[in-house]
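Worksheet: one structure, shown below.
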Amino acid sequence: MTSTAPETQRGQDAGDALGEQPTSWQRRLRRFGHVPRPETPLRDRLDPPYTRPGRQVWSVLAIPPHVADRLVRWSGWGGPLLITLVAGLLRFWKLDRPHAVIFDETYYAKDAWALVNQGYEGSWPKDVDKLILKDPSSVPIPTDPGYVVHPPVGKWIIGFGEQLFGFTPFGWRFMVAVLGTVSVLLLCRIGRRLFRSTLLGCLAGLLLAVDGLHFVMSRTALLDLIVMFFVLAAFGCLVVDRDRARRRLADALPVDAEGVLRPDARIAETLRLGWRPWRLAAGVMLGLAFATKWNGLYVLAAFGLMTVLWDVGARRTAGAVKPYMAVLRRDLVPAFVSTVPVAIVTYVVSWTGWIVTDKGYYRNWAATEGKNSSWNWLPDWLRSLWHYENQVYDFHVGLTSGHTYESNPWSWLVLGRPVSYFYEEQAGCKESTTGKCASEVLAIGTPLLWWLACFALAYVVWRWLFRRDWRAGAIACGVAAGWVPWFFYQERTIFLFYAVVFVPFLCLAVTMLLGAIVGPAAGQGARAELGLTSGDPTGERRRTLGAIAAGVLVLLIVWNFIYFWPLYTGTSIPEDLWRDRMWLDTWV
């Protein structure tokens, strides 16, 4: 395991020791923990290397050096794939249980079935769910258009699983489970790239694999996990783009006679970074998120600003005197074009099924009610779609009807009010003192993980503000983009499970905190930063204790996931045991 801050200085007086005199604002911020940036080689600041496990680990395990080197090379993919395999087995285990249409599956499963069969959502009759579960082939797809309030991408994805495995609970949950599993792999690789540590990357993926909310949403045909997947994929694309752009800058900078890379203001301010396909891919992913649920639009805005600020930091590090002006001239327009217009085009293309048919809801509005509009020069389908979107927006902002499981976003991080997707009692349960057993699917995060994440977020914000750690800023941006927009609609009916969009970033925050608890690796740079000599055992002792503490926290989180397993899967348990798991009164 490595420190989570290879580019920042931990020694309080390291800057002075290196002959760097802190400015007045740096002196004032020192009381809050700010310390100067260390004298790190420029190339490592632009393109930090990945850490490697120390030889002591392999010596303890009696593994020869050549085998150890091979294991290190394989671990970059082998570790994440192993974590993903475990996550997949958990998510696909009895995926068709409960054999019921749970919570909002009653909307999305049926809309998806109609969409993949006729190109638009139908108006389903009431009380048709039982017939679908009994014999789906006997239920005709309604040809009358249905009024839906979410874009179609998520339903196309759910419908693809139904095409493969039928109009059954397994069919409409299949693709969501696939995306939930793959998102664990994505987070492992993203965490590895962020922290430059395979172990920390795998730890982030493991935390996501055992988060209860992510797990339940991976086994339910709702749209929010699909949004999460595309948001996480977009974030990963932007992180790869950042690395490649900074590497390109480093390769363009001059090298002095001693072979040391040197900053150059002219190159840093004028170099064009060229074709950036990963940023374009991020635009597509963000468009797909927006085309699943509209809250993806806020993520598009936040990530767009974040990637521009990354370019500013890269050019400043490379030596730019006016990095903001350089980005304004060289990067801002390409960044905008490769994200915002691409996302909008992706969104419009996602409506193709509705566009090519003449039976979708409001599809012919422009030719009927809207025929006298001053915008008649636009295509009818575009004007009809715009009208449809206006009506949907009015619906969303006006949705204030009360619901048993609604919750305010202020309560999400502490899991104030989870959502019960399915509940069933069975009488005649001999194991229970009440004579009843209970089966429930409860959309709630793993409590110990989320409560630890509250402290981790405070640490991340502190590290971003006072240590200027870009990774902490990126994690905070991901959480804020998925969480903060809901505070603007507190009067609206909203639910805890919307938070699944930023769960991967909570896992990254916890990983960063656990990495800090373990402490820096006992390498030369880390020892110098801590003021230790090569033979000083203090660093090793502190690191050992930190590793034990972090390991205990991870084991407690895994145990907590196992403890709540019956509530995540709808497993029948005695009512006494069910009540034991209701830790807060608001969970009932």
Sub-3.5 Å donor-acceptor pair from the side chain of [X] to the main-chain atoms of [Y], do we have one?
X: R189; Y: G76; result: yes
X: T446; Y: V210; result: yes
X: T220; Y: M217; result: no
X: W470; Y: W464; result: no
X: N364; Y: K359; result: no
X: S384; Y: W381; result: no
X: T168; Y: G171; result: yes
X: T352; Y: V349; result: yes
X: Q391; Y: V149; result: no
X: R417; Y: S411; result: no

Carboxylate-amine/guanidinium contact [X] [Y], below 4.0 Å:
X: D243; Y: R196; answer: yes
X: D129; Y: K110; answer: yes
X: K155; Y: E121; answer: yes
X: D380; Y: R363; answer: no
X: D241; Y: R279; answer: yes
X: R219; Y: D96; answer: no

Determine whether the aromatic ring centres of residues [Y] and [X] are separated by less than 6.0 angstrom.
X: W351; Y: Y388; answer: yes
X: F235; Y: F505; answer: yes
X: F160; Y: F174; answer: no

_I need the single residue from W486, F487, W294 that forms a ring-ring contact (aromatic ring centres under 6.0 Å, His included) with Y498. Which is it?_
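Testing each of W486, F487, W294 against Y498, the sole residue satisfying ring-ring contact (aromatic ring centres under 6.0 Å, His included) is W486.
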*For W113, which of W124, W156, F167, Y120 qualifies under ring-ring contact (aromatic ring centres under 6.0 Å, His included)?*
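Among the candidates, only F167 passes.
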[X] side, atom [atom1]; [Y] side, atom [atom2] - distance, nearest 0.5 Å:
X: L225; Y: L213; atom1: CG; atom2: CG; value: 9.0 Å
X: L206; Y: C507; atom1: CG; atom2: SG; value: 9.0 Å
X: S439; Y: E424; atom1: OG; atom2: CD; value: 6.0 Å
X: E105; Y: Y421; atom1: CD; atom2: OH; value: 9.0 Å
X: S572; Y: R97; atom1: OG; atom2: CZ; value: 13.0 Å
X: L81; Y: S75; atom1: CG; atom2: OG; value: 11.5 Å

*Report the residue from R246, R244, R247, R193 that forms a salt bridge (Lys or Arg N to Asp or Glu O under 4.0 Å) with D47.*
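With D47 as partner, R246, R244, R247, R193 yield a single salt bridge (Lys or Arg N to Asp or Glu O under 4.0 Å), made by R247.
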*Quickly, which of R276, R329, R272 forms a salt bridge (Lys or Arg N to Asp or Glu O under 4.0 Å) with D311? Name it, please.*
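That would be R276; it is the only one of R276, R329, R272 passing the salt bridge (Lys or Arg N to Asp or Glu O under 4.0 Å) with D311.
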Should the pair [X] and [Y] be assigned to parallel (<30°), tilted (30 to 60°) or perpendicular (>60°) ring geometry?
X: W565; Y: F561; result: perpendicular
X: Y347; Y: F290; result: parallel
X: W483; Y: F502; result: tilted
X: F495; Y: H403; result: perpendicular
X: F564; Y: W587; result: perpendicular

*asked:* Between S420 and E440, is the side-chain hydrogen bond (donor to acceptor under 3.5 Å, both in side chains) condition met? List the steps.
replied: CA-CA 7 Å; S420 181; E440 183 172 29; 2.8 Å; yes
Can you establish whether the number of heavy atoms outside [X] located under 6.0 Å from its atom [atom1] is more than 12?
X: W74; atom1: CH2; value: no
X: D127; atom1: CG; value: no
X: Y324; atom1: OH; value: no

*From the options L207, L232, L186, select the one residue that forms a side-chain contact (heavy atoms from CB on, under 4.5 Å) with P504.*
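By the side-chain contact (heavy atoms from CB on, under 4.5 Å) criterion, P504 pairs with just one of L207, L232, L186: L232.
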_Geometric cation-pi criterion R192 and W77, 6.0 Å radius, 45° cone_ =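 Because its charged atom misses either the 6.0 Å distance or the 45° angle limit, R192 does not stack over W77.
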